[in-house]
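Take a look at the structure set out below.
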Amino acid sequence: MSKREITTRADVFLLVSTFYGKIKKDDFIGPIFLKTIPEEIWESHIEKLTDFWETNLFFVRKFKGNPMKVHKDVDKDFNYGISQEHFGRWLQLWFSTIDDLFEGRKANEAKERARNIASMLFFKMFEVKPKPN
């Protein structure tokens, strides 16, 4: 498959759906996603995440949601066990998916935005983790 620029919603959908296909099969972070997102809503979740990334890459106003609250709730549901390693694996899979499918400026932006989002989410989650006594 030849690589191309990310230019359309269809490209973003391909990226997001391929990426979450990898996530679901991943031994390390897959179980978190599979426990959190019921199978019957994966399709709508992929559409929502496509909205998120389309908003982030093309500045269209499609995404509605509160990723910070969602991620804090997931961390709480997993007994505050989500770590930097989980975010690192998420980024590794995101980068490899981009590299498999795309090239160019938007591909690089997608990597940089993901890195920034992962850092922000991790630090905000860390702030609310219970402190050891």
Side-chain angles (χ1 to χ4, degrees):
M1 177 193 284
S2 66
K3 296 180 189 180
R4 62 185 189 276
E5 272 276 5
I6 301 170
T7 59
T8 65
R9 180 177 176 85
D11 293 336
V12 176
F13 178 82
L14 175 63
L15 170 59
V16 169
S17 58
T18 303
F19 170 67
Y20 281 97
K22 290 182 180 184
I23 290 276
K24 289 166 87 173
K25 294 176 186 168
D26 187 77
D27 292 338
F28 186 54
I29 62 174
I32 295 168
F33 285 84
L34 292 171
K35 184 175 181 205
T36 302
I37 304 162
E39 185 59 40
E40 61 273 10
I41 70 161
W42 265 101
E43 192 173 314
S44 64
H45 191 66
I46 295 298
E47 286 296 331
K48 186 171 193 165
L49 292 169
T50 299
D51 289 347
F52 176 83
W53 283 104
E54 188 179 14
T55 297
N56 270 281
L57 293 173
F58 298 113
F59 306 108
V60 296
R61 296 186 137 196
K62 287 199 176 171
F63 179 74
K64 293 178 177 66
N66 185 343
M68 187 61 62
K69 179 182 181 340
V70 170
H71 286 81
K72 286 178 181 178
D73 290 347
V74 169
D75 192 34
K76 183 179 179 183
D77 290 345
F78 281 85
N79 201 28
Y80 300 99
I82 296 177
S83 67
Q84 279 184 294
E85 289 79 15
H86 292 102
F87 281 93
R89 183 66 181 147
W90 183 89
L91 281 172
Q92 182 183 39
L93 290 170
W94 181 251
F95 282 27
S96 70
T97 305
I98 291 170
D99 290 341
D100 289 347
L101 299 171
F102 299 102
E103 63 186 3
R105 187 175 59 83
K106 285 292 179 191
N108 290 330
E109 282 181 29
K111 290 178 184 178
E112 189 59 34
R113 297 232 165 103
R115 187 182 292 116
N116 292 339
I117 290 165
S119 295
M120 181 203 47
L121 286 173
F122 176 74
F123 287 121
K124 292 294 185 181
M125 286 168 53
F126 184 79
E127 288 176 356
V128 298
K129 286 184 186 281
K131 307 298 182 243
N133 295 328

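Values reported hereafter were calculated over all heavy atoms of this structure, with side chains retained and with hydrogens, waters and symmetry mates removed.
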Is the count of non-hydrogen atoms from other residues, nucleotides or ligands lying under 6.0 Å from K124 atom NZ greater than 12?
-> no

Do the non-hydrogen side-chain atoms of D26 and F33 ever get within less than 4.5 Å of each other?
-> no

Taking atom CG of L57 and atom OG1 of T50, what is their separation to the nearest 0.5 Å?
-> 11.0 Å

What pair of heavy atoms forms the shortest contact from F78 to P31, and how long is it?
-> CZ-O, 4.4 Å

Are any non-hydrogen side-chain atoms of F102 and R4 less than 4.5 angstrom apart?
-> yes

CZ of R113 to CG of N108: how many Å apart, nearest 0.5 Å?
-> 11.5 Å

Please examine the side chains of M125 and F87, heavy atoms only from C-beta on, and report whether any two atoms are closer than 4.5 Å.
-> yes

Does the side chain of I46 come within less than 4.5 Å of F19's, by heavy atoms?
-> no

If you count the non-hydrogen atoms of other residues, nucleotides and ligands that lie under 6.0 Å from CG in D27, is the total more than 12?
-> no

About how many Å separate CG of N116 and CG of L121, when rounded to the nearest 0.5 Å?
-> 11.0 Å

State, with a plain yes or no, whether a side-chain heavy atom of W53 is found less than 4.5 Å away from one of L15.
-> no

Taking only Lys NZ, Arg NE, NH1 and NH2, and the carboxylate oxygens of Asp or Glu, determine whether E47 and K62 approach each other closer than 4.0 Å.
-> no

Pair R89 + E85: basic N to acidic O under 4.0 Å = no

Output the distance between atom OG1 (T8) and atom CD (E54), rounded to the nearest 0.5 Å.
-> 8.5 Å

For I98 and A110 the tightest heavy-atom approach is CD1-CB, 3.7 Å

Would you check if the side chain of H45 reaches a backbone N or O of I41 as a donor-acceptor pair within less than 3.5 Å?
-> no

What's the shortest heavy-atom distance between T36 and V74, and which atoms?
-> CG2-CG2, 3.6 Å

Please walk me through it: do T7 and E5 pass side-chain hydrogen bond (donor to acceptor under 3.5 Å, both in side chains)?
-> CA-CA 6 Å; T7 59; E5 272 276 5; over 6 Å; no

